[in-house]
Protein chains: 2
Amino acid sequence: MPAYRYPRLVLRHAHDESSGGSGVATAAPAQAAFSPLYRQIKTLLVQSLDRGEWKPGEAIPSELELASRFQVSQGTVRKAIDELAAENMLVRRQGKGTFVSTHNEARVRYRFLRLAPDEGGEPAPASSRVLDCRRLRAPQEVARVLDLRAGESVVQIRRLLAFGDVPTVLDDIWLSGALFRGLTLERLVRNELPLYAFFETAFGVSMLRADEKLRAVPANPEAAAILEVPEHTPLLHVDRLSYTYGGRPVEMRRGLYRTDRHHYRTSVN
Amino acid sequence: MPAYRYPRLVLRHAHDESSGGSGVATAAPAQAAFSPLYRQIKTLLVQSLDRGEWKPGEAIPSELELASRFQVSQGTVRKAIDELAAENMLVRRQGKGTFVSTHNEARVRYRFLRLAPDEGGEPAPASSRVLDCRRLRAPQEVARVLDLRAGESVVQIRRLLAFGDVPTVLDDIWLSGALFRGLTLERLVRNELPLYAFFETAFGVSMLRADEKLRAVPANPEAAAILEVPEHTPLLHVDRLSYTYGGRPVEMRRGLYRTDRHHYRTSVN
DNA sequence: TAGTGGTCTAGACCACGTT
DNA sequence: ACGTGGTCTAGACCACTAG
């Protein structure tokens, strides 16, 4: 028996619902927009994930179990899960079950780091050094893209990623202060995990997707010093906006990448 | 009755095939690798597309028709088509049919041009000017990535893309000479279509997918002159390898992008 | 009205992983 | 042996497009 009571699904076709009547005789509200059963189920599953009903790394209930919960056939649940798996929110494992995606897995560690070494091969193990972490009132642009009220509190992090001995990525990161209550420089420095794994574990915020805008810019004096390149060296400037469940933006990030030994890889479909 | 005789599908499970025996009593060859019916069908469909049995823009046969051709249920054909649609090789249109993707459509014109104006809005209509087109023996790197024999003939194109009056993208493009027989500067200059639409229409080569590697580099004297920026201005350097049906590489492209008014947009999942 | 893709069901069986 | 996801079928009906 599930802890959460799912809303009744709205069928598209006019089945005679008199059988199994539960005594609830609500006046049917004007249903503005129908959507297929499997999409309604998908929405409910995302809400459960957002609510933390199943945590990253855990299994969700089996298809048969969900089918009986929602009173639909297995195939319909299956189609909902198919879409969530295609969006990397769930991971199917034949014979074992369907699991909530997590950043705490070696396989997926570099999903959001698009920088690869020029020689090919795996992204060299990166070492991360947090340079700064402070709380401030959200600058106008940050408030706008993170959908915060003007002047709301945000956390700003500056960190440096190095491959081997070569400092390569300088990131400035802005997070909603409300979501990341209790995030301090000390905790960041003590943390061993990749950032997104840390955010997931320590604050229950899962990064699912991000949009990025890339530019080539000259290194300013500060960045040049930190990245150990001559001033005006061309750097890759990466603006990232990351989203969690429901497409809510939760992180803004501005990165400067050295691309003398690495490149940013992407794919066009 | 189809012009092409499809190979027999290999079922995974051991149905008794004696009914409907066609008199062909071949000794069953050792089947090394099974794959689900819908994947075998997917492979056959890709082969048909590659062979040009259905041209870009045209409809493929209906699901029911294909089901009867392949002697499987509609659902199985459907799943094959689903995957091809997810890969942008086919486009479904409810009530009308399923169509072969084409670059000759306003909606999809900018699928491969990831550059967007900073102000937002649609990518401004770009004007393309072909600066050069010549045939030469493939340089080593080109031969390697295009999977050509050393010294085989290739076509090299240089072209400039401008937004409004601002020259913005300088591309060097290499194509297999064999595939693009008869491609000349004159035909390129006369052509009005976007390049990929032209390639599709005039040479039957469909670009389906591409991998890109991005770097920030300083403008060399030549690029600086053409793009009308000071020497050493940071430019986005984009290495592209494009693939057609069956994952065969057919175009190598090296671009230099001005990013003072535009940015390269991408998405991380 | 006919034809196409889209949704949904119920049931059978296969493949994989664990017990 | 059992439970999980994966494949396949046959059939019903819905939604959209066009003649």
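Order of the sequence lines sets the chain letters (A, B, ...), proteins ahead of strands, with each chain counted from 1. Values reported hereafter were calculated over all heavy atoms of this structure, with side chains retained and with hydrogens, waters and symmetry mates removed.
With a cut-off of 3.5 Å on both pairing distances, the Watson-Crick and G-U wobble pairs of DNA chain D assemble into stems of 3 or more at C:1-18 with D:1-18.
In terms of the side-chain hydrogen bond (donor to acceptor under 3.5 Å, both in side chains) criterion, Arg111(B) has no residue partners (sequence neighbours excluded). The side-chain contact (heavy atoms from CB on, under 4.5 Å) check on Phe112(B) picks up Val268(A), His103(B), Tyr196(B), Ala210(B), Arg240(B), with sequence neighbours excluded. With sequence neighbours excluded, the residues forming a ring pair (Phe, Tyr, Trp, His ring centres under 6.0 Å) with Phe203(B) are Phe180(B), Phe198(B), listed by chain and number.
Remark: Arg93(A) is positioned above the aromatic ring of Phe99(A), its terminal NZ or CZ atom under 6.0 angstrom from the ring centre and at most 45 degrees off the axis.
Between Lys79(B) and Gln74(B), the residue anchored nearer the 5' end of DNA chain D, judged by the nucleotide with its closest heavy atom, is Lys79(B). Nearer the 5' end of DNA chain C, as judged by each residue's closest nucleotide, is the contact made by Pro61(B), out of Gly75(A) and Pro61(B).
The distance from atom CG of Leu37(A) to atom P of dC13(D) is 17 Å, rounded to the nearest whole Å. When rounded to the nearest whole Å, the span between CD of Gln40(A) and C1' of dC8(C) equals 13 Å. Straight-line distance from the CD1 atom of Ile41(A) to the P atom of dT7(C): 13 Å, rounded to whole Å. In this structure, Phe70(B) atom CZ and dA10(D) atom P are separated by 17 Å, rounded to whole Å. The interatomic distance linking Arg78(B) (CZ) with dT9(D) (C1') rounds to 15 Å, in whole Å. Rounding to whole angstrom units, CG of residue Leu66(B) and C1' of dT4(C) are separated by 12 Å. Atom pair Leu64(A):CG and dG11(C):P shows a separation of 12 Å (rounding to whole Å applied). Look at CD on Glu63(A): it is 15 Å from C1' on dA10(C), rounded to the nearest Å.
A donor-acceptor contact shorter than 3.5 Å is absent between the side chain of Arg253(B) and the backbone of Ile173(B).
Heavy-atom distances under 4.0 Å link DNA chain D to Gln94(B), Gly95(B), Lys96(B) of residues 82-103 of chain B, given in residue order.
Dashed line: the shortest gap from a side-chain N or O of Thr76(A) to OP1 or OP2 of dT7(C) is not under 4.0 Å. Checking the phosphate oxygens (OP1, OP2) of dT7(D), a side-chain nitrogen or oxygen of Tyr38(B) falls inside 4.0 Å.
Tyr264(A) and Glu212(A) form a side-chain donor-acceptor contact under 3.5 Å, judged by distance and modelled atom types alone.
A distance of 8.5 Å separates CG in Leu214(B) from OG1 in Thr266(B), rounded to the nearest 0.5 Å.
Residues Tyr245(B) and Leu208(B) form a side-chain contact, since some pair of their non-hydrogen atoms from C-beta on lies under 4.5 Å apart.
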Would you tabulate the side-chain donor-acceptor contacts of residues 79-87 of chain A under 3.5 Å, counting partners in other chains and residues two or more places apart, or write 'none'?
from: Asp82(A); atom 1: OD1; to: Arg92(A); atom 2: NH1; distance (Å): 2.4
from: Glu83(A); atom 1: OE1; to: Arg39(A); atom 2: NH1; distance (Å): 3.1
from: Glu83(A); atom 1: OE1; to: Lys42(A); atom 2: NZ; distance (Å): 2.8
from: Glu87(A); atom 1: OE2; to: Lys42(A); atom 2: NZ; distance (Å): 2.8

